[in-house]
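For reference, the structure discussed in these notes is given below.
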Amino acid sequence: MSWFLDVDRGRQVWRYSAEKIDKPSYVDIHHLRLEPPGTTFPPGIDSTPCDSPISAALKGVKYMSAVQTKDGHWAGDYGGPMFLLPGMIITCYVTGHDLKPEQQQEIIRYLLNMQREDGGWGIHIEGHSDIFGTSLQYVSLRILGLPADHPAIVKARTFLHNNQGALGIPSWGKFWLAVLGVYDWTGLNPIPIEMWLLPYWVPLCPGRMWCHCRMVYLPMSYIYARRITAKSTPLVLALRRELYTEKYEEIDWPKMCNNVSSLDMYNPHSAILKVVNGVLWYYEKVAWGWLRKRAIDFTYDHIEYEDKQTKYIDIGPVNKTMNMLCAWDKEGKDSEAFRKHADRLQDYLWLAHDGMKMQGYNGSQLWDSAFWVQAAIETGLGDQIKNSLRLAHHYLEITQVPLNTPNMEHYYRHISKGAWPFSTVDHGWPISDCTSEGTKAALLLRQFSFIYPDLSVVQKVTRTDQEKYPNLVHHVPIPPSSDS
């Protein structure tokens, strides 16, 4: 039984083999710690102490070259947040999509490894135990098959009950528990989907939000408007009993809208926010059906656009699972959209020595690789790792975004042609600092004749580059040429 990392143009998928792999790659050894650190070395590297800074640098660049993936990037663990896996697990439960048994086993191992001494979990792996983290990991482990009397579950339930149960979970937690059917929708402050119909010139138009915020509240408003909820299964009914210190049916849910545990309260709700939420709560009672339907259609059009432009990866893991839930609701489990969503879950699941987690992105491939190229070249040892730099250059080439997205203004998108993303070309969202670091790495690689045998060091940017990616290089000086 073995795991191995499969890569394709930056896409990272941990695959499971029922047969033992006798000679795992150094990439797998490195990431899974298959051998104790310091006991196994790639060819040309040993444990002999270095006698100078340059010999240490040489050993470092050789090691990094050995753990480079076959498509040219450097893979890495981009985990840490603890609120990502529950969204995926709840979405899979609601839609009836089953993760592979070996994935479930590794996710359970990870969540148990991350449980704190007091029985809870935090918002991230180093955070203090709170209601948000504990409630979501609790339902996740129960969905994955741990019984109510499992020691870790008992410990977590004790922590919750000692802190007034799950009632004080913050807004995103209320949302996911409502989707699961273990928190009533009337206990949430409204997420007004009609705001998406506002024209862009209106300051409150959601199209003006930061992209990550916008792409989360887009499907969240759709799900809220549709009240997408899991069926009342025996597990759901059991969780209603386990999460609270009072009977589920007797809870005054509307009073829970602004109830946030002191363990989770970083900034108290302002009076203005409470007034706005109160007005919206009353609006929910009289919302016009025709206007809500129009808003639902509008938001799903934008959700579908985001899915297609990112090849169903989406901008990040939060909207990824929400968009998947929306596709299931709109098009069904047997639809092409849902199948593509289910496949792309693999892009976010990262296996490490502590188990399988959900990353904060589909990886940091371009970002990490661009920095490593710059660092390696800075040592002056580029000629010692020619194949590695050739491969890294290949990854930079295939990851640069080739096209703008269609109908950009309507979907609140900016130019992307010529930019670099944080991770992969399939993800495709342009990012300014990633473009900066990608550009620096690409220009630094042009000094090597083993990569550009016919290009002088001076010719860093050509007129062909300028025509191909005008938005990227129009501030970079162009050397004179005979055809100008």
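Everything numeric here is computed off the predicted structure, so don't read it as measured data. Numbering starts at 1 and runs along the sequence shown.
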### Task
Take H393 and F448 through the ring-ring contact (aromatic ring centres under 6.0 Å, His included) test and state the conclusion after the steps.
CA-CA 11 Å; H393 177 262; F448 295 109; over 10 Å; no

### Query
Do H427 and Y361 pass the ring-ring contact (aromatic ring centres under 6.0 Å, His included) test, and can you show the C-alpha distance, the side-chain angles, and the key distance before you say yes or no?
CA-CA 10 Å; H427 183 281; Y361 227 68; 4.6 Å; yes

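Side-chain contact check for D6 versus W14: every heavy-atom pair is 4.5 Å or farther apart. At least one side-chain heavy atom of Y138 sits less than 4.5 Å from a side-chain heavy atom of E242.
In this structure, Q137 contributes its side chain and M82 its backbone to a donor-acceptor pair below 3.5 Å. A distance-only check finds a donor-acceptor pair linking the side chain of Q68 to the backbone of S388 [under 3.5 Å]. Judged by distance alone, with hydrogens and angles left aside, the side-chain atoms of K340 form no donor-acceptor pair with the main-chain N or O of K311 at under 3.5 Å. Judged by distance alone, the side chain of R292 and the main-chain N or O of G289 form no donor-acceptor pair under 3.5 Å. Checking side-chain atoms of S369 against main-chain N and O of L366 turns up no donor-acceptor pair under 3.5 Å. For the pair N189 (side chain) and C257 (backbone), a donor-acceptor distance under 3.5 Å is present. Within the 3.5 Å criterion, the main-chain N or O of F132 finds no donor-acceptor partner in the side chain of W121. With Q359 contributing its side chain and Y78 its backbone, the two residues share a donor-acceptor pair below 3.5 Å.
The heavy-atom pair separating I169 from S135 by the smallest distance is CD1-CB, 3.7 Å.
Here the straight-line distance linking atom CH2 of W3 with atom NE2 of H31 works out to 15.5 Å at 0.5 Å rounding.
Taking the centre and axis of the six-membered ring of W429, the NZ or CZ atom of R413 falls inside the cone set by 45° and 6.0 Å. A cation-pi arrangement is found for R208 relative to Y200, the charged atom lying closer than 6.0 Å to the ring centre and inside a 45° cone about the ring normal. Taking the centre and axis of the six-membered ring of Y312, the NZ or CZ atom of R344 falls outside the cone set by 45° and 6.0 Å. Cation-pi geometry between R226 and Y224 is not satisfied (NZ or CZ under 6.0 Å from the ring centre, within 45° of the ring normal).
Applying the 6.0 Å contact sphere to CZ of R294 captures no more than 12 heavy atoms from other residues, nucleotides or ligands. Environment of CD in Q164: sparse, with no more than 12 heavy atoms of neighbouring residues, nucleotides or ligands closer than 6.0 Å.
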